[in-house]
Amino acid sequence: MSMKQNRFPKRLFITGTDTGVGKTVISAILMAGLRGTYWKPVQCGLGEMTDTEWVRVKTGLPETNFHRETYRLKLPISPHASAAQEGAHIDLDDFRIPETKESEHLIVEGAGGIMVPLNERHFMLDLMKKLNIPVFLVMSSSLGTINHTLLSLEQLRMHGLDVDYVVMNGPKNSSNREAIEYYGKVCVLAEIEPLPFINPKILAQSFKQYFEHAQ
Ligand SMILES: Nc1ncnc2c1ncn2[C@@H]1O[C@H](COP(=O)(O)OP(=O)(O)O)[C@@H](O)[C@H]1O
Ligand SMILES: [Mg+2]
């Protein structure tokens, strides 16, 4: 590992402006490049592939690079509702940052966006505050993203969470990027364009292409 790679924070919380914006794909790119460990604290939906399985299969990294989810809920709906459906209750006290080796990166992927409820009084935001690790916000490049992104940035800041990284995912849209940088007072670290295939090689190449300059 080069010295450069040590500059990415040891721990990153990958959140998004919405569900389906590319948190898992970006997590896989980071995992392929940093060869760290991955943790999805709350998984809703066990039907097809969980996010943990997807990142494992697509990166080809060994199972030992993956921590077990704290909550594995069956229905692919909001965590508060998915838990309620099976008579469970999400308790913030149950979440502990997994132990990692000194040199190892930890990629934590949230569920949905910031204001997704976990129970009757806590949101994903509260879990982020509790874990207190650098925040990496994934947003879409398409129409609607300015509103979603500015709202997310404002809410995070209002709660004292600095957003360390902001990345745009989807077909390049420089007008949206510029608006988000100007109104959101952030620097967009990378604009990730749709990947033709997703395999370990392409993920590692994408890390080089999009994140090496951040190192
Ligand atoms: N840059 C990309 N290239 C190719 N497919 C992508 C890209 N970003 C997202 N996708 C696809 O879009 C869908 C949603 O992305 P995903 O990473 O699962 O979002 P999230 O984790 O935020 O819910 C998935 O099918 C994923 O493979
Ligand atoms: Mg995901």
Side-chain angles (χ1 to χ4, degrees), residues 1-72 76 97-113 131 133-142 164-173 177 188-215:
M1 190 189 274
S2 72
M3 280 298 286
K4 278 176 144 193
Q5 286 195 336
N6 292 329
R7 277 207 260 158
F8 238 116
K10 272 292 127 57
R11 294 160 166 171
L12 284 173
F13 192 104
I14 317 298
T15 188
T17 54
D18 198 356
T19 189
V21 289
K23 294 184 300 294
T24 306
V25 171
I26 309 298
S27 297
I29 293 175
L30 294 170
M31 283 289 287
L34 299 168
R35 307 186 74 79
T37 59
Y38 173 92
W39 177 44
K40 175 95 179 173
V42 183
Q43 171 67 44
C44 296
L46 305 174
E48 294 156 42
M49 250 198 248
T50 61
D51 281 359
T52 304
E53 284 161 355
W54 195 91
V55 176
R56 181 158 54 76
V57 168
K58 298 297 183 183
T59 59
L61 288 167
E63 250 180 80
T64 47
N65 289 49
F66 296 85
H67 302 279
R68 193 178 157 76
E69 300 94 335
T70 308
Y71 286 91
R72 291 172 55 87
I97 297 179
E99 303 250 341
T100 48
K101 291 183 205 118
E102 179 97 38
S103 61
E104 218 162 51
H105 287 271
L106 174 71
I107 305 298
V108 183
E109 182 183 342
L131 298 179
I133 61 182
V135 175
F136 189 115
L137 179 69
V138 180
M139 62 182 164
S140 155
S141 63
S142 320
D164 293 72
Y165 297 96
V166 179
V167 302
M168 203 166 216
N169 185 37
K172 234 183 181 148
N173 187 320
R177 177 197 174 131
V188 174
L189 175 70
E191 291 172 274
I192 295 155
E193 292 191 81
L195 303 173
F197 301 103
I198 300 182
N199 62 35
K201 197 171 157 208
I202 288 187
L203 290 170
Q205 278 170 358
S206 301
F207 182 84
K208 276 210 163 83
Q209 179 183 349
Y210 295 116
F211 297 121
E212 198 129 85
H213 72 281
Q215 295 292 315

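- Between Phe136 and Phe211, the ring-plane angle classifies as perpendicular under the 30° and 60° cut-offs.
- Remark: side-chain polar atoms of Thr50 are not paired, donor with acceptor, to backbone N or O of Leu46 under 3.5 angstrom.
- Note that CD of Glu193 and NZ of Lys172 are 5.0 Å apart. Values are rounded to the nearest 0.5 Å.
- Contact check on Lys40 versus Glu109 returns a salt bridge, with a Lys/Arg side-chain nitrogen under 4.0 Å from an Asp/Glu carboxylate oxygen.
- Side-chain contact between Lys58 and Val25 is absent, with no heavy atoms from C-beta onward closer than 4.5 Å.
- Taking both residues in full, the closest heavy atoms of Arg177 and Met168 are given as N-CE, 3.5 Å, listed atom of the first, atom of the second, then distance.
- Put simply, the side chain of Trp54 reaches to within 4.5 Å of the side chain of Ile198, judged on heavy atoms.
- Looking only at side-chain heavy atoms (C-beta outward), Leu30 and Ile14 come within less than 4.5 Å of each other.
- Side chain of Asn169 to backbone of Val21: a donor-acceptor contact under 3.5 angstrom is found.
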(Q) Quick one, Thr100 with His67, criterion side-chain contact (heavy atoms from CB on, under 4.5 Å). Give me CA distance, side-chain angles, the key distance, then yes/no. (A) CA-CA 10 Å; Thr100 48; His67 302 279; 4.0 Å; yes

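- Considering all non-hydrogen atoms of both residues, Gly60 and Pro200 come closest at N-CG, 4.2 Å.
- Looking at Val57, Asn65, Thr64 one by one, the single match for side-chain contact (heavy atoms from CB on, under 4.5 Å) with Leu61 turns out to be Asn65.
- Atom CZ in Phe13 sits 10.0 Å away from atom CD1 in Ile97 (nearest 0.5 Å).
- Residues Ser141 and Gly170 share a closest heavy-atom pair of OG-C, 3.2 Å.
- The side-chain heavy atoms of Met139 and Val188, taken from C-beta on, include a pair separated by under 4.5 Å.
- For the residue pair Thr52 and Glu69, a side-chain donor N or O sits within less than 3.5 Å of a side-chain acceptor on the partner.
- Taking CG of Leu34 as the start and OG1 of Thr59 as the end, the distance is 12.0 Å to the nearest 0.5 Å.
- Contact check for Thr24 versus Val55: side-chain heavy atoms found under the 4.5 Å cut-off.
- Tyr38 OH to Met31 CE: the interatomic distance, rounded to the nearest 0.5 Å, is 8.5 Å.
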Q: Test Phe207 against Arg35 for side-chain contact (heavy atoms from CB on, under 4.5 Å), laying out the working first.
A: CA-CA 11 Å; Phe207 182 84; Arg35 307 186 74 79; over 6 Å; no

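- Pairs passing the side-chain hydrogen bond (donor to acceptor under 3.5 Å, both in side chains) check and including a residue from residues 195-206, sequence neighbours excluded, do not occur.
- Here the closest non-hydrogen pair linking Gln43 and Asp51 is OE1-N, 3.2 Å.
- We find the CD1-CD1 distance between Ile29 and Ile107 to be 11.5 Å, quoted to the nearest 0.5 Å.
- Contact record, Ala204 with Ala32: N-CB, 3.8 Å, taken as the closest heavy-atom pair.
- When side chains are defined from C-beta on, Trp39 does not count as touching Arg11, because their heavy atoms never get closer than 4.5 Å.
- The closest side-chain heavy-atom distance from Val42 to Thr70 is not below 4.5 Å.
- How far NZ of Lys10 is from CD of Glu102: 7.0 Å, rounded to the nearest 0.5 Å.
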Q.
Working note: Leu137 + Thr17, criterion side-chain contact (heavy atoms from CB on, under 4.5 Å); need CA distance, chi angles, decisive distance, verdict.
A. CA-CA 7 Å; Leu137 179 69; Thr17 54; 4.1 Å; yes

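- When every heavy atom of Leu106 is checked against every heavy atom of Pro98, the shortest pair comes out as CD2-CD, 4.0 Å.
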